[in-house]
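Keep in mind it's a predicted model, so treat the numbers as computed, not measured.
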Amino acid sequence: MEEKQGLLAHSLIRHGVSRRTFLKYCATLASMMALPPSAGRAMAEAMAAARRPSVIWLPFQECTGCTESITRSHSPSIEGLIFDSISLDYQETLMAAAGHQAEEALHKAIEDNKGKFLLIIDGSVATGLDGAYSCIAGRSNLDLLKEVAPHAAAIVAVGSCAAFGGIPKANPNPTGAVAVSDIVKDKPIINVPGCPPIPVVMTGVLAHYLTFSTVPELDKLGRPKAFYGETIHDRCYRRPFYDQGKFAKTFDDEGARKGWCLFELGCKGPVTYNACASTKWNDSTSWPVESGHGCIGCSEPDFWDAGGFYKALSMPADPLKLASTAAMVGAAAGVAMSIANRAKKGAAKSAHETTTLADLEK
Amino acid sequence: MNEMQFLTWVRGPGLDIAVSIFLLGVIWRLLEIYSLGRKKDLAAPRQAAGASGFHTVFRRSMPPAGMGMVKKSPVSYIGGYIFHIGLFFVVFLFAPHIKLINSLIGVSWPGLPSQFIDLMAVVTMAAMVVVLADRINRPVKRYLSNFEDYFTWGVTFLPVLTGWMAVQHLLLPYTTMLALHILSVEILLVVLPFTKLFHAFTLWGSRWYNGQVNGHKGVAV
Amino acid sequence: MSATLEKGVRVLKEVIDAPIASYFNSCVHCGICAEACLFYTETGDPKYTPIHKLEPLRRVYEQEYTLLGRLAKMVGLSKPVTDAELAEWQELVYNSCTLCGRCSVVCPVGNDIVYMVLKLREGMSASGNAPEGIKGAVNRTVTIGSPMGVKLPAVKAQMKHVEEDYGIPIPLDVEGAEYMVMLSSMEIINFPEYLGAIAKIMRQAGKTWTLCSTAFEATNAGYQIGNSDLARVIVSRIVEGAEKLKVKTVISPECGHAYSALRWNGANVVGRPFTFQVKHIVEVLDEFRAQGLLKTEGFETDRLTFHDPCQLARRGGVIQPQRNLMNMVAKNFVEMPDAGFINWCCGGGGGASAIEEGEELRLEAFKKKKSQLDAVKPDRLVTACANCRIVLEEGLEHYQMDIPVVGLTEMIAEHIPEKGA
Amino acid sequence: MALSDIGIVVQGPAEPRGDTLTGNAQPVLREIRDLLQRLIDSGETGAIDLRAMPLSDADLLWLAGQLGEGEVQVSLNTDGRSTITETQAPAVWWVTHRNAKDKVVSEFIEITWVPDLVAAQREDARLGLAYLDSLILDLSQS
């Protein structure tokens with residue numbers, strides 16, 4: 001176990017990564033996180049010297065999409081190395097051990113690093129039937145979270161499920177899925193939403209935590225502002241077409257071919273905060289809008305229930321379906337009143353007493 | 001209820017309810033008003049050029065000639081024209097609004113550049129504030145004004161303000177401000193048929209009656 | 001039988017119609033009607049804002065004919081109209097409103113406010129809340145035959161005087177005459193020259209005319225008090241007289257409200273279109289002029305200006321004829337500012353001149369006419385309404401302005417050459 | 001079926017960072033001058049992250065044109081190519097990092113005597129030492 005606790009630097013050298021490469025990586029990461037260039041240098045020192053923090057990864061009601069995205073390493077990029085540098089003491093999907101051994105590893109890791117380990121959670125917490133919908137080794141995620149969370153230094157809720165409840169929480173939410181922040185109230189939680197979130201966002205958050213061992217600046221929904229500070233719409237390269245009112249009407253019309261704005265095809269860019277437009281996906285190859293499909297707002301709470309993915313933001317649901325009934329009711333009320341009014345006026349006319357001179361005096 | 005759910009409600013059921021109440025209210029009140037009818041004028045009519053209800057409906061949009069009325073209450077006239085025309089431009093010539101109307105009733109027409117509409121929105125709001133100040137300071141208007149006058153002012157001002165702030169990304173994130181904008185429009189729609197804002201619908205009838213009654217006497221009002 | 005609030009409200013319920021409903025729903029409280037009303041512009045008191053004078057009618061309309069209004073009344077949100085309120089509003093609806101119609105001309109949303117004042121007066125009069133002055137006039141008109149208590153013998157006496165002075169026989173009750181001439185009591189008492197003028201004009205035009213013993217009085221205090229029943233009693237006399245004598249045209253004399261009461265309101269009150277025409281004397285004179293039946297000689301050389309009676313010009317549509325006639329006999333005819341269609345009222349129309357307690361307000365309002373006259377400084381002021389003449393003379397005297405007021409018909413007649421010329 | 005068989009071919013528009021000058025490059029020159037002044041006076045080094053500013057490609061080209069090239073050009077092979085060129089103003093270096101797929105990931109202007117990456121690092125030197133030891137060992141055994 002001692003060897004695993006070694007300095008990150010030693011592990012880098014062991015993998016044949018020169019110090020220069022590592023310096024370059026830190027400079028790039030700092031730039032990506034909108035930190036000043038000097039921070040890159042500080043990050044390099046801190047991360048190199050950092051004792052390999054213990055990390056416990058608890059997979060709750062998840063589809064493993066986030067784990068897939070995190071461990072995706074297209075080229076032996078530095079992201080992958082970062083994950084090598086942390087002591088991933090418990091990751092159910094990746095770890096060799098299973099059964100009782102896995103359980104022992106978990107509890108030993110908690111004991112050894114009580115109060116110091118980083119708890120990463122992906123997947124929502126099922127609360128239906130006291131958590132029976134989602135269990136590990138017979139114990140519900142809910143209980144496990146309540147047991148492990150108090151000893152964590154900080155929690156990273158990876159993916160929209162852990163951050164906001166995601167798809168399991170979508171209507172009708174049979175399992176009673178909730179976000180991690182709905183259960184744990186007393187620990188700093190970094191939400192890294194997205195379905196799945198962008199790999200570099202996760203490494204960015206981990207690098208920040210390893211370097212400054214604090215939670216990065218978060219927005220109202222607990223998301224790091226470095227990555228979730230701007231809406232997709234504000235950073236989107238098709239924005240000029242939106243401003244000129246050039247919209248694709250269908251997915252294969254002339255506008256779509258010219259790469260015009262997909263606002264009318266349901267793009268939720270204007271109301272979604274994420275870094276897809278700048279950092280892009282698959283090692284900045286492309287991202288949904290660039291490939292011709294609107295953003296579905298996967299890093300926003302309850303994105304699944306926010307109206308159809310292909311209904312434009314400005315399009316109201318369907319107010320006119322009530323219109324005809326409303327018009328009918330209005331007409332009925334109007335006709336009723338006109339009949340009543342005419343009756344009243346008729347009555348007043350028939351009860352008319354011709355005014356005589358005497359009638360002028362009170 | 002977070003921003004997205006708020007926007008979804010406001011865009012969905014909220015708008016359904018508002019549009020329904022609006023339609024219901026307009027039809028009900030129009031019937032309630034104009035079903036009262038009126039007696040036919042038995043006096044022998046006098047023909048005169050330009051003396052008819054139809055003429056008055058349009059002529060009354062301009063201040064009456066030669067009476068110096070604009071000089072007597074300039075804010076009502078000039079401020080009134082500016083913010084009514086401003087409202088018309090902002091509501092009916094702004095691209096997203098045209099798209100919304102198009103999606104509702106399928107009719108579409110070219111809009112104006114959004115920078116111009118932003119300017120119109122600011123001008124409209126400024127004119128409305130000036131008109132409000134005039135209502136407060138001018139003895140006649142203050143004497144006439146009741147809660148409804150100030151309430152309807154607010155209900156008409158808010159949509160322009162929130163709409164402009166949404167476009168300018170001011171104060172609140174776009175999601176929330178857009179939702180507030182739509183909510184304020186919904187309040188306007190619900191309130192309109194039951195307050196003096198209904199003049200938007202009844203003034204045409206009123207002008208026609210006025211013009212017709214006087215036109216019968218050969219007087220072009 | 002006495003006037004009660006309940007009868008008043010019932011009458012209002014009867015007269016409220018679609019225009020009134022449309023007007024109350026269109027008013028946006030912009031206050032522009034006040035700027036057109038001389039009772040506000042000369043006093044500066046916001047209570048004289050025309051639309052404000054209709055508040056009781058608005059409340060009755062909302063409480064009786066709108067669903068929300070009825071609910072509001074039920075739950076006590078909207079208080080029913082009280083007799084005390086109507087009494088308080090009497091000053092606004094009568095003393096400070098001459099039915100001149102300027103407010104209806106300027107309202108941006110097109111509310112015909114004077115139309116509504118007349119309707120509100122129906123309820124005011126039926127509930128006994130009309131001014132004593134006008135009640136007296138109506139009483140005398142209905143019982144004696146004329147608001148100033150003139151009876152037929154007085155008319156006959158004046159006819160004899162005119163016959164002697166002008167040497168022209170004054171026909172009375174001549175069946176089949178083309179024109180039936182009527183007089184307003186002001187003319188019978190204060191301006192007898194009018195009858196002489198008519199005689200000379202008719203003789204020159206070679207037209208047959210007659211007075212009617214049962215319908216010599218043209219003014220209609222019933223219309224001024226705003227009560228259709230009483231207006232009907234008064235106007236029926238004229239209709240019966242005209243139809244008995246089978247005349248073609250009835251000439252409404254130099255009076256504003258007599259013309260409105262008969263020409264525009266008469267048929268509606270009687271309930272059927274007239275079988276004869278009704279023309280104001282100014283219209284008849286202009287027709288004679290056009291047909292070359294009216295030839296005058298000589299010109300007035302002093303500086304003259306013309307005051308358009310509201311009921312004749314703005315409310316009656318007769319604007320150009322009086323100018324044609326003025327140009328026939330006046331060399332130095334200058335128009336007042338705001339003359340013609342947009343003219344300011346003399347302040348005494350609509351029965352207002354009969355209200356003693358309204359005198360002070362009327363003289364205050366007269367400052368507007370004073371400013372018009374100060375702008376042109378005429379030697380004499382010509383008009384075509386006896387009531388306007390009286391009110392103008394009182395106003396001019398009050399403000400020590402030495403401007404004689406002359407009737408147009410009278411002035412025209414002076415320029416008709418003597419017989420044989 | 002190859003990508004080209006799919007009916008839809010997205011001819012995405014040019015990266016709208018575009019070719020128009022935004023006028024933001026001019027002030028950067030002034031900032032470089034001040035940092036150089038500070039370096040000369042106090043020896044304190046500085047750096048400017050070109051990616052953190054709203055500069056279009058045209059701006060960057062313009063800036064590079066203004067700064068020109070100096071005497072030293074360094075290219076590194078560190079998980080993708082990186083180039084460090086000294087500009088006409090000595091001690092002002094234009095640093096461009098590219099990733100394994102040769103795409104620019106970050107770009108800086110460093111104002112320092114010698115950019116950190118140029119100098120060898122102590123840990124790398126130990127690697128060098130180990131390498132030379134094994135080399136000598138092989139030679140001695142052959």
Max heavy-atom pair count under 4.5 Å with chain C, selected residue of [options]:
options: B/Leu203, B/Val219, B/Asn210; value: B/Asn210
options: B/His216, B/Lys40, B/Lys39, B/Met69; value: B/Met69
options: B/Met67, B/Lys141, B/Met62; value: B/Met67
options: B/Ala43, B/Gly205, B/Gly68; value: B/Ala43
options: B/Trp204, B/Trp28, B/Phe198; value: B/Trp28

[X] portion near chain B, given a 4.5 angstrom heavy-atom threshold:
X: C/Ile20; result: neither
X: C/Phe24; result: neither
X: C/Asp338; result: side chain

Looking only at side-chain N and O atoms, does C/Asp308 offer a donor or acceptor that is under 3.5 Å from a partner on C/Gln322?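 Yes, because at least one side-chain N or O of C/Gln322 sits under 3.5 Å from a partner of the opposite role on C/Asp308.
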Indicate whether the side chain of B/Asp118 and that of B/Gln168 have a donor and an acceptor atom separated by less than 3.5 Å.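 Checked: B/Asp118/B/Gln168 side chains pair up, N/O donor to acceptor below 3.5 Å.
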[X] versus chain C, the contacting section by heavy-atom distance below 4.5 Å:
X: B/Tyr143; result: side chain
X: B/Arg138; result: side chain
X: B/Ala48; result: neither
X: B/Ala220; result: backbone
X: B/Trp208; result: neither
X: B/Val213; result: side chain
X: B/Asp41; result: both
X: B/Pro63; result: neither

Between [options], the one whose heavy-atom pairs under 4.5 Å with chain B are most numerous:
options: C/Gln277, C/Arg314, C/Arg263, C/Arg272; value: C/Arg263
options: C/Ala34, C/Gly271, C/Gly316; value: C/Gly316
options: C/Leu68, C/Thr49, C/Val28; value: C/Val28
options: C/Tyr115, C/Trp264, C/Tyr23, C/Phe341; value: C/Trp264
options: C/Pro337, C/Gly110, C/Ala313; value: C/Gly110
options: C/Cys27, C/Gly31, C/Cys107, C/Gly266; value: C/Cys107

Salt bridge [X]-[Y], side-chain N to carboxylate O under 4.0 Å:
X: C/Lys73; Y: C/Glu64; value: yes
X: C/Glu55; Y: C/Arg58; value: yes
X: C/Arg59; Y: C/Glu85; value: yes

May I ask you to decide if the ring planes of [X] and [Y] are parallel, tilted or perpendicular, using 30° and 60° as cut-offs?
X: B/His97; Y: B/Phe94; result: perpendicular
X: B/Tyr81; Y: B/Tyr77; result: tilted
X: C/Trp89; Y: C/His52; result: tilted

Kindly indicate whether a cation-pi arrangement holds for B/Arg135 with B/Trp153, taking the cut-offs as under 6.0 Å to the six-membered ring centre and within 45° of the axis.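 Not flagged: B/Arg135 not positioned over aromatic ring of B/Trp153.
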